[in-house]
Amino acid sequence: MGSLLEQAIGALNGAVGDYLARTGNGLATELTLVRGGRPVRPDAASLRAAFPDAGPRLAIFVHGLMCSEDVWEFETGGDYGAMLQRDLGLCPLVLRYNSGLSIPDNGARLSALLERLLEVFPAAIERVVLIGYSMGGLVVRSACHHASVSGAAWLSRVERGVYVGTPHLGAPLERAGRVLAWALRRVDDPVTRLVATLADLRSDGIKDLGDADLRHEDRARREPRFSLRDPRHPVPLLDDFPHFLIAGSRFDDRLTRTLFGDLIVPLPSATDGRWRHDASHPIDGVAFVDRVHHVALAHDARVYEHLLRFCGDAP
Amino acid sequence: MRDLARLRGLLSLLADAVEHGSRAVEEVHSSSSARAFGVIELVPSTREHVRAVRAVHDAGVALTYGGVRLVTRVVRASFTVGLDVAEAVAPTSRDDR
């Protein structure tokens, strides 16, 4: 029941979380670590109590839009974090956050939390593996960009980043929604304007997904345009550490896979532009999982095989 | 205490939805009726009667939607008092410290 409630609140935050935060609503989720379904305060005593098994090599898990940390759980129990702890000795830290806030806001908050962890985590942090699912991957990238600009110390501890079903080049569904709302607003009819107003209620987080905006200046440049072609991202993946991408596809046909991918994120976006539908050779640092839809990517045994390989290889 | 904060949040969100939703629907209602009355008022022989009907209609619309918002505010205030009382008597859990 508690888990269902958190899932419902996670979905609500994804839909209108910016409004909830702006109005000081008690349903707004704070960015926090969670363990066993309970928030963990970022102070030494709380962290020591929550992570008695703390080790020097961390795996930080960041969920996606309208999710809670429950998205990582397999139907049969367990999650990637527990499996990586068992197989590689990584200490899993799972994040919960308000996915309706803008991606740059969540990135800045994640960066601040990681900086705080350097000071108060019960074990000396040597290496950090960042694992982001869907929007979570963009939050990870935004946090890294924020840390790079602000000179945060935690960035030097990052060993690698793994992105699962992340729309690095944006999500065409949101771009289509943006254009639809723009067109509806231009129709001189009260009912149509009402529909446009309702469409515009979607959160800042959802709007950021259209072009995968990682910085506030990118958000300010946003225009109502639609293209199936993914926009090139103005913020490249940082050179400071290696990046690994896991992309899912629901289809077998190469062209359909390219266009629709896992039904939410097309393959070119999930692979940061590295996917070519006519290419036949493997792509370095990129793994594909067939016949899987977007949500299942967060708890799929085949995805874990790639995650294990990417996290286990020497950096 | 966190559950009470969430209950307050849910109450606030529902009240906001009714407040903003009723204003949006009222605007649609008023715009649509203004168009209809505007067309009927083009007929000179009935213009004065139509204007009287329109004034009554517009007052009724404002009263109805305003009433919905007023009742919502009263319900919200009542629940808030109830939650304040619950918060005052509820034991503090470990999460809240």
Side-chain angles (χ1 to χ4, degrees), chain A residues 1-30 32-43 45-46 49-50 68 96 98 100 181 184-185 187-203, chain B residues 1-39 54 57-58 61-62 64-65 68-69 72-73 75-77 79-88 90 92-97:
Chain A
M1 183 63 190
S3 177
L4 276 177
L5 178 66
E6 294 304 335
Q7 287 174 35
I9 290 176
L12 182 69
N13 272 262
V16 292
D18 54 338
Y19 177 80
L20 297 178
R22 205 165 49 242
T23 55
N25 192 297
L27 290 170
T29 300
E30 295 290 328
T32 179
L33 294 174
V34 283
R35 184 95 195 225
R38 301 174 77 89
V40 181
R41 292 186 178 179
D43 58 65
S46 303
S68 69
R96 177 193 292 171
N98 178 349
L184 288 173
R185 273 197 304 276
V187 177
D188 183 24
D189 177 76
V191 177
T192 313
R193 276 202 303 274
L194 177 63
V195 175
T197 303
L198 289 175
D200 270 340
L201 286 178
R202 67 200 191 283
S203 67
Chain B
M1 215 65 92
R2 194 169 63 131
D3 290 341
L4 281 178
R6 284 178 163 177
L7 262 180
R8 280 182 196 278
L10 181 62
L11 178 66
S12 177
L13 187 65
L14 291 174
D16 286 354
V18 173
E19 181 87 24
H20 296 304
S22 68
R23 284 191 194 284
V25 175
E26 183 179 1
E27 194 180 312
V28 171
H29 191 151
S30 298
S31 301
S32 305
S33 60
R35 281 186 182 182
F37 280 119
V39 171
R54 180 177 185 171
H57 169 269
D58 289 351
V61 167
T64 305
Y65 288 103
V68 168
R69 288 191 287 273
T72 304
R73 285 173 204 155
V75 171
R76 178 183 188 167
F79 272 102
T80 301
V81 170
L83 288 173
D84 286 344
V85 172
E87 202 167 61
T92 307
S93 74
R94 190 177 177 280
D95 274 354
D96 307 316
R97 289 196 293 264

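Chain letters run A, B, ... following the sequence lines, proteins first and then strands; every chain starts at 1. All heavy atoms count here, side chains included; hydrogens, waters and symmetry mates do not. Remember, it's a predicted structure, so these values are computed and weren't measured experimentally.
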Measuring heavy-atom distances to chain B, does A:Leu198 have an atom under 4.5 Å in its side chain, in its backbone, in both, or in neither? neither

Any chance OH of A:Tyr19 has more than 12 other-residue heavy atoms, nucleotides or ligands included, within less than 6.0 Å? yes

Testing the basics here: between A:Leu194 and B:Ala24, what is the closest heavy-atom pair and its distance to 0.1 Å? CD1-CB, 3.4 Å

I'd like to know whether CD of B:Glu26 has more than 12 heavy-atom contacts from other residues, nucleotides or ligands below 6.0 angstrom. yes

Chain B shares the most heavy-atom pairs under 4.5 Å, among A:Gly24, A:Ala28, A:Pro190, with A:Pro190

Between B:Leu13 and A:Leu27, what is the shortest heavy-atom contact and its length? CD2-CD1, 4.2 Å

What distance do A:Thr197 atom OG1 and B:His20 atom NE2 have between them, rounded to the nearest 0.5 Å? 12.0 Å

